[in-house]
Amino acid sequence: MYINGNWHQTDTTIDIENPATNEIIAKSAYGGKKEAAMAVEAAYDAFSSWSKLVAGERAGYLKKWYQLIDQHKEEIAKIMTSEQGKPLKEALGEVQYANSFIEWYAEEGKRIYGETIPSSHPNKRLFVSKQPIGVMAAITPWNFPAAMITRKVAPALAAGCTSVIKPAEQTPLTAIRLIELAHEAGIPKGVLNVVVGDAKEIGDVWLKDDRVRKISFTGSTEVGKLLMRGAADTVKKISLELGGHAPLIVLEDADLDQAVEGVISSKFRNAGQTCVCTNRVYVHQSIYEPFMNKLKDAFQKLRVGDGLQDQTTIGPLIDRNALKKVKNHLEDASNKGGDITYLGQSLDSENGYFMTPVIVGNASDDMLCMKEETFGPVAPVTTFETIEEVVKRANQSPYGLAAYVFTQNISKGIRIVEDLEYGIVGLNDGLPSVAQAPFGGFKESGLGREGGHYGIEEYLEVKYISLGL
Ligand SMILES: NC(=O)c1ccc[n+]([C@@H]2O[C@H](COP(=O)([O-])OP(=O)(O)OC[C@H]3O[C@@H](n4cnc5c(N)ncnc54)[C@H](O)[C@@H]3O)[C@@H](O)[C@H]2O)c1
Ligand SMILES: O=C[C@H](O)CS(=O)(=O)O
């Protein structure tokens, strides 16, 4: 753990497992209440000086951090693959994606503008300024061990906030390496603090401490709701990036190759363990057969295996429970009449939480995989007749994070996009996420946005100044 510029060890440690081999690859310090409180103290003490730097000075630190991460990107990627499982190429992509938030917000911090407001009184002048909210607590998931941290701390630090971070207990090594480089970049002590440990203990300390003014969470909707309730006690500002259940709609006039590519890219990233993964595919009934033939051909090219092996395109799931959930969804789909087709090449291994890619044909809306987040390499496919019908079915979810539409009729596509209740929509695009665009969901997929100028507003307070002349 890294608190107030120093590395801390604890008597208790946790084993970090490689999900591809089940080997224990490291032990991590494992803290709780005490370390959580120490981290808030450090971040609070650092806030006054850090927030008073001019944006350009904070940008200088962030740019140095960015350069160090870029210099060490291959090393960080290998750490990530070893603890999280994603293929090395994907891990490298995530490190670069994570770094793009640091690069983008280093500059965005210089563009935190205020405004003047026309006065309704001759002897008054009205101004608005924005200032950093204070200590931010980031709680992040295992599926993107780098990007979900920098997507929070980059805007927070650029805005002048200081941070306490709790990475997922399954994947602390990537976070630790990022913070080692932040230390090397000279980011002052107390500005960034990382506590690995008992999630509930740490979370409860940060929720109760009124010096923590912002909670930024990425993870399950269940935990997000818990944090939202807890934040209410001290009226903390909160950002929630929660679960998703993305529909992907293929209209009869879609370019089938483009639509199949969209399924592959939005479904199988991180072995289907992303919040924006396609979880249900709706295909117009008139093109179901040709679409399914092309989809099965594409699935055949998928290679399941250890993410450290070059030919691997799908790594293991994160743990035994994840594998059990996916298999439960498949058993349910089969019991409800789905056509289960296992495809792709699977690594023959006694170890590892590997799951062969699966298409569930003739899926029905009552199946678990059509309602609950599967978080695995499973693509349920069903048909629809009319646009009104498919938009209604696509919106029938408590989630509203990402959705995808494939059509060559852009006017028709835009009208569908406008009717979809989702915060992110890929129109003929299966990979929309970029640092400069707002990422976030409707309904129970979250609150607030990360990325773009929206993402820095989450770490600012608006101050109205009325000046009497
Ligand atoms: N919307 C997004 O951007 C996004 C991104 C990634 C993951 N997710 C969602 O996260 C889920 C998978 O990730 P996960 O299994 O790590 O989620 P999770 O909610 O179990 O854990 C996320 C983080 O919360 C911590 N946590 C768990 N219980 C806590 C508590 N009581 N108090 C404080 N912290 C607590 C965990 O230790 C971890 O650091 C999926 O639902 C996925 O959709 C959403
Ligand atoms: O799963 C969560 C991530 O936010 C997905 S993305 O890499 O930002 O698209």
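All heavy atoms count here, side chains included; hydrogens, waters and symmetry mates do not. As the structure lists them, so they are numbered: ligands from 1, and atoms in each ligand from 1.
- Using a 4.5 Å heavy-atom threshold, the side chains of H8 and M38 count as touching.
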Just the distances, no angles: every ligand 1 N or O to protein N or O pair closer than 3.5 Å, one line each.
unit_1: ligand 1; atom_1: 1 (N); unit_2: E241; atom_2: O; d: 3.3
unit_1: ligand 1; atom_1: 1 (N); unit_2: L242; atom_2: N; d: 3.1
unit_1: ligand 1; atom_1: 1 (N); unit_2: L242; atom_2: O; d: 2.6
unit_1: ligand 1; atom_1: 3 (O); unit_2: R151; atom_2: NH2; d: 2.9
unit_1: ligand 1; atom_1: 10 (O); unit_2: G219; atom_2: O; d: 3.3
unit_1: ligand 1; atom_1: 10 (O); unit_2: S220; atom_2: N; d: 3.2
unit_1: ligand 1; atom_1: 15 (O); unit_2: W142; atom_2: NE1; d: 2.8
unit_1: ligand 1; atom_1: 16 (O); unit_2: W142; atom_2: NE1; d: 3.3
unit_1: ligand 1; atom_1: 17 (O); unit_2: S220; atom_2: N; d: 3.4
unit_1: ligand 1; atom_1: 19 (O); unit_2: S220; atom_2: N; d: 2.8
unit_1: ligand 1; atom_1: 19 (O); unit_2: S220; atom_2: OG; d: 2.6
unit_1: ligand 1; atom_1: 37 (O); unit_2: K166; atom_2: NZ; d: 2.8
unit_1: ligand 1; atom_1: 37 (O); unit_2: E169; atom_2: OE1; d: 2.7
unit_1: ligand 1; atom_1: 37 (O); unit_2: E169; atom_2: OE2; d: 3.4
unit_1: ligand 1; atom_1: 39 (O); unit_2: T140; atom_2: O; d: 2.6
unit_1: ligand 1; atom_1: 39 (O); unit_2: K166; atom_2: NZ; d: 2.9
unit_1: ligand 1; atom_1: 41 (O); unit_2: E373; atom_2: OE1; d: 2.7
unit_1: ligand 1; atom_1: 43 (O); unit_2: E373; atom_2: OE1; d: 3.3
unit_1: ligand 1; atom_1: 43 (O); unit_2: E373; atom_2: OE2; d: 2.5

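- Within a 6.0 Å radius of CZ in R320, other residues, nucleotides and ligands contribute 12 heavy atoms or fewer.
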Could you pull out all donor-acceptor pairs under 3.5 Å where a side-chain atom in residues 370-377 meets a protein atom, sequence neighbours excluded?
unit_1: K371; atom_1: NZ; unit_2: D366; atom_2: O; d: 3.3
unit_1: E372; atom_1: OE1; unit_2: H329; atom_2: NE2; d: 3.1
unit_1: E373; atom_1: OE2; unit_2: G244; atom_2: N; d: 3.0
unit_1: T374; atom_1: OG1; unit_2: N279; atom_2: ND2; d: 3.1
unit_1: T374; atom_1: OG1; unit_2: H329; atom_2: ND1; d: 2.9

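- Other residues, nucleotides and ligands contribute more than 12 heavy atoms inside 6.0 Å of the CD atom of Q311.
- Aromatic rings from F439 and Y454 are positioned such that their centres are separated by 6.0 Å or more.
- K327 NZ: 12 or fewer foreign heavy atoms inside a 6.0 Å radius.
- With a 6.0 Å radius and a threshold of 12 heavy atoms from other residues, nucleotides or ligands, D310 has its CG atom at or below the threshold.
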Under 3.5 Å, N/O to N/O: give me all the pairs between ligand 2 and the protein, one per line with atom names and distance.
unit_1: ligand 2; atom_1: 1 (O); unit_2: N143; atom_2: ND2; d: 3.2
unit_1: ligand 2; atom_1: 1 (O); unit_2: C275; atom_2: N; d: 2.9
unit_1: ligand 2; atom_1: 4 (O); unit_2: R151; atom_2: NH1; d: 3.2
unit_1: ligand 2; atom_1: 4 (O); unit_2: R151; atom_2: NH2; d: 3.1
unit_1: ligand 2; atom_1: 7 (O); unit_2: R269; atom_2: NH1; d: 2.9
unit_1: ligand 2; atom_1: 8 (O); unit_2: Y97; atom_2: OH; d: 2.7
unit_1: ligand 2; atom_1: 8 (O); unit_2: R151; atom_2: NH1; d: 2.9
unit_1: ligand 2; atom_1: 9 (O); unit_2: R269; atom_2: NH2; d: 2.7
unit_1: ligand 2; atom_1: 9 (O); unit_2: S433; atom_2: OG; d: 2.6

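- Listed by first and then second residue, the side chain to side chain donor-acceptor pair (under 3.5 Å) pairs involving residues 230-240 are K214-S239, T234-K236, S239-E458 (not counting sequence neighbours).
- Within a 6.0 Å radius of CD in E107, other residues, nucleotides and ligands contribute more than 12 heavy atoms.
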